[in-house]
Number of protein chains: 2
Amino acid sequence: MPRWEPDAQLRLETAALELFAERGYDGTTVADIAERAGLMKRSFFRYFPDKREALFGGTERLVAHLRQEVEEAPADTPPWQVLIAALTSSGRLFPKDRAVAHQRQSVIAANPELREREVLKMATLHDLLTSLLAQRGIPERQAAYLVRLAQTVYEQAFAQWIAPGADMTFEGCMADAAAELDRALTLGMADATSAARRLGAGQPAR
Amino acid sequence: MPRWEPDAQLRLETAALELFAERGYDGTTVADIAERAGLMKRSFFRYFPDKREALFGGTERLVAHLRQEVEEAPADTPPWQVLIAALTSSGRLFPKDRAVAHQRQSVIAANPELREREVLKMATLHDLLTSLLAQRGIPERQAAYLVRLAQTVYEQAFAQWIAPGADMTFEGCMADAAAELDRALTLGMADATSAARRLGAGQPAR
DNA sequence: CTCCTGATAACACTTGGTGTCGTCGTTTGT
DNA sequence: ACAAACGACGACACCAAGTGTTATCAGGAG
């Protein structure tokens, strides 16, 4: 007979999400979370470096997935296609139950500290993807642009997928968001100093 | 004769930047900062909501500047041009001494907590600019894409401006970064589902 | 049976951050 | 010119996040 219940980390994650939803992030102490999970406050920090991380457990898997997808893509696949494919397939890592994802997102949106952490995760992902593209021979600053754009598509798609009501696969949401990007680029940059004019006029600058 | 020295906030900001550079962010307590500024720990929190904010004092001015620039732009100016113009002119708010900006950026880069805050500030700016564009009639999701792209140009330009060695105006850096964006869009998305193809075909959407 | 390992409780401690009150120059009103 | 309200700060108490350390006890290896 084991001395302690198994799955301590999972219990902590569940307890944290529940309590944040019930009382808010600020209204919940680490001791509260630990107590609901049947542990001591000190044990919480053996599983998570800080209080926020209890909500961001899935990040390592996402990082691993993206790294693998990009590294394994054929060398001649255009970078944009690599990014979109990797991000689209990462939808497999999402919880089966959209409601869980939605609740988690609500909790994050309700608290600046949590938003801060989420945004940092996206920035970390940005650095990762940029360096992976750089390894494929894409100039680093150009890679940075493509990654940022792809991440924004991803965020928009995720928001749409989460939304209650709409009943789409994540893949469908990604396709939608990418189409919207098309419109934004043609509409927004139509007569700026930028891509649209050069592409339209066939006149490479510089 | 005043009872206390004036400019307490400025003294705190200076002390914080110095100490973070000397001993690192973690190696510096709020009491240390307050002491160097000739105040008590409690007074620090009368000027800043938390320890990190001592490094981000300029944000309110930046927000005010961007809001004003976007709101005052003629209604028929294309959104991309509005964004780039607003961000470019915000270079006027930077410290005259590039070395100060560079040191500040080094301190931020050296600490995840500070990076977290910086990235949150950018996200806040993103929300602001997106809603300002939405007020101008740009569909919100398209606005989100344009803003993200413009912010990335801004970041790249700032990094280049900061860099020791290169001696360019911020305006010049923005132009450079925008040109790099051109190349990224043509190169990276050449045969994706996206804008480049449609633009190349001379087919304005909408 | 004993030793070792690993996960946990228990406890002390530092630091970020807040509430509160008293103090005393400064400013305002008359 | 004088009193009252104001404002910035010191001083102190307090809570919660996060860390270091030690003791405890299950199960596995020899």
Side-chain angles (χ1 to χ4, degrees), chain A residues 1-57 107-108 110-118 120-121, chain B residues 1-20 22-57 59 107-108 110-118 120-121:
Chain A
M1 173 187 312
R3 188 167 171 197
W4 292 283
E5 298 299 316
D7 300 321
Q9 177 157 350
L10 184 63
R11 262 157 42 221
L12 284 169
E13 287 174 358
T14 308
L17 179 56
E18 287 174 5
L19 286 168
F20 292 166
E22 290 172 17
R23 318 179 192 168
Y25 176 80
D26 287 326
T28 305
T29 73
V30 172
D32 292 337
I33 302 171
E35 185 188 9
R36 179 167 297 196
L39 295 171
M40 292 281 103
K41 167 191 158 195
R42 187 65 182 88
S43 289
F44 176 94
F45 292 105
R46 294 196 177 93
Y47 291 95
F48 303 102
D50 60 56
K51 185 178 164 188
R52 302 182 194 105
E53 279 297 304
L55 272 187
F56 294 91
V107 169
I108 291 174
N111 188 281
E113 293 187 53
L114 293 174
R115 176 115 198 268
E116 211 169 4
R117 178 58 50 88
E118 187 189 34
L120 180 66
K121 297 285 184 187
Chain B
M1 174 184 311
R3 187 170 172 194
W4 292 285
E5 299 298 317
D7 300 320
Q9 177 157 351
L10 184 64
R11 263 155 43 218
L12 285 169
E13 287 175 358
T14 309
L17 180 57
E18 286 174 7
L19 286 169
F20 292 167
E22 290 171 17
R23 317 178 192 168
Y25 177 81
D26 287 327
T28 306
T29 73
V30 173
D32 292 337
I33 302 171
E35 185 188 9
R36 179 166 298 196
L39 294 171
M40 293 281 102
K41 168 191 158 194
R42 188 65 182 89
S43 289
F44 177 93
F45 293 104
R46 292 197 175 95
Y47 290 94
F48 303 102
D50 61 57
K51 186 179 166 188
R52 303 182 195 108
E53 280 296 306
L55 274 187
F56 295 91
T59 307
V107 168
I108 291 174
N111 190 280
E113 293 187 54
L114 292 174
R115 177 114 197 269
E116 210 169 5
R117 178 58 53 87
E118 187 189 34
L120 179 67
K121 296 285 185 187

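Residue numbers begin at 1 in each chain, while the letters A, B, ... track the order of the sequences. Atom set for the values below is all heavy atoms of this structure, side chains included, hydrogens, waters and symmetry mates excluded.
- Nearest nucleotide to the side chain of A:L39, out of C:dT8, C:dT15, C:dA10: C:dT8.
- Taking NZ of B:K51 as the start and OG1 of B:T28 as the end, the distance is 6.0 Å to the nearest 0.5 Å.
- Residue B:Y47 is classed as a sugar-phosphate contact, given heavy-atom separations below 4.0 Å to backbone atoms only.
- D:dA8 atom P lies 14 Å from atom CG of B:D7, rounded to whole Å.
- A donor atom on one side chain and an acceptor atom on the other are found under 3.5 Å apart for B:S43 and B:R46.
- Note: CZ (A:R117) to P (D:dA17) measures 14 Å, nearest angstrom.
- When the P atom of D:dA8 is taken as reference, atom CZ of B:R11 falls 14 Å away, rounded to whole Å.
- Of the listed nucleotides (D:dA16, D:dG18, C:dG16), D:dG18 has the atom at the smallest distance from the side chain of A:K51.
- Comparing D:dC9, D:dT19, C:dG16 by their closest approach to the side chain of B:A8 singles out D:dC9.
- When the nucleotides D:dG18, C:dT20, D:dT19 are ranked by their closest atom to the side chain of A:R42, D:dT19 comes out on top.
- At a threshold of 4.5 Å between non-hydrogen side-chain atoms, the residues B:E13 and B:L10 count as touching.
- Along DNA chain C, the nucleotide closest to B:R52 and the one closest to B:R46 are compared, and the more 5′ of them pairs with B:R52.
- Going from atom CD of A:Q9 over to atom P of C:dT8 covers 11 Å, rounded to whole Å.
- For A:M40, taking side-chain heavy atoms from C-beta onward, the closest of the listed nucleotides D:dT19, C:dA10, D:dA16 is C:dA10.
- C:dT15 atom P lies 13 Å from atom CZ of B:F45, rounded to whole Å.
- One can place CG of B:D50 at 17 Å from P of C:dT15, the figure rounded to the nearest angstrom.
- Applying the 3.5 Å distance criterion, the base of C:dG17 shares a donor-acceptor pair with the side chain of B:K41.
- As a whole-Å value, the separation of B:F44 CZ from C:dT15 P is 15 Å.
- Which of C:dT15, C:dA9, D:dG10 sits closest to the side chain of B:S43 comes down to D:dG10.
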Between A:V30 and A:F48, does a side chain to side chain contact (heavy atoms under 4.5 Å, CB included) hold up when you go through it step by step? CA-CA 11 Å; A:V30 172; A:F48 303 102; over 6 Å; no
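- Atom CZ in A:F48 sits about 18 Å away from atom C1' in D:dT19, given to the nearest Å.
- Residues satisfying the salt bridge (Lys or Arg N to Asp or Glu O under 4.0 Å) criterion with B:K121, sequence neighbours excluded, are B:E53.
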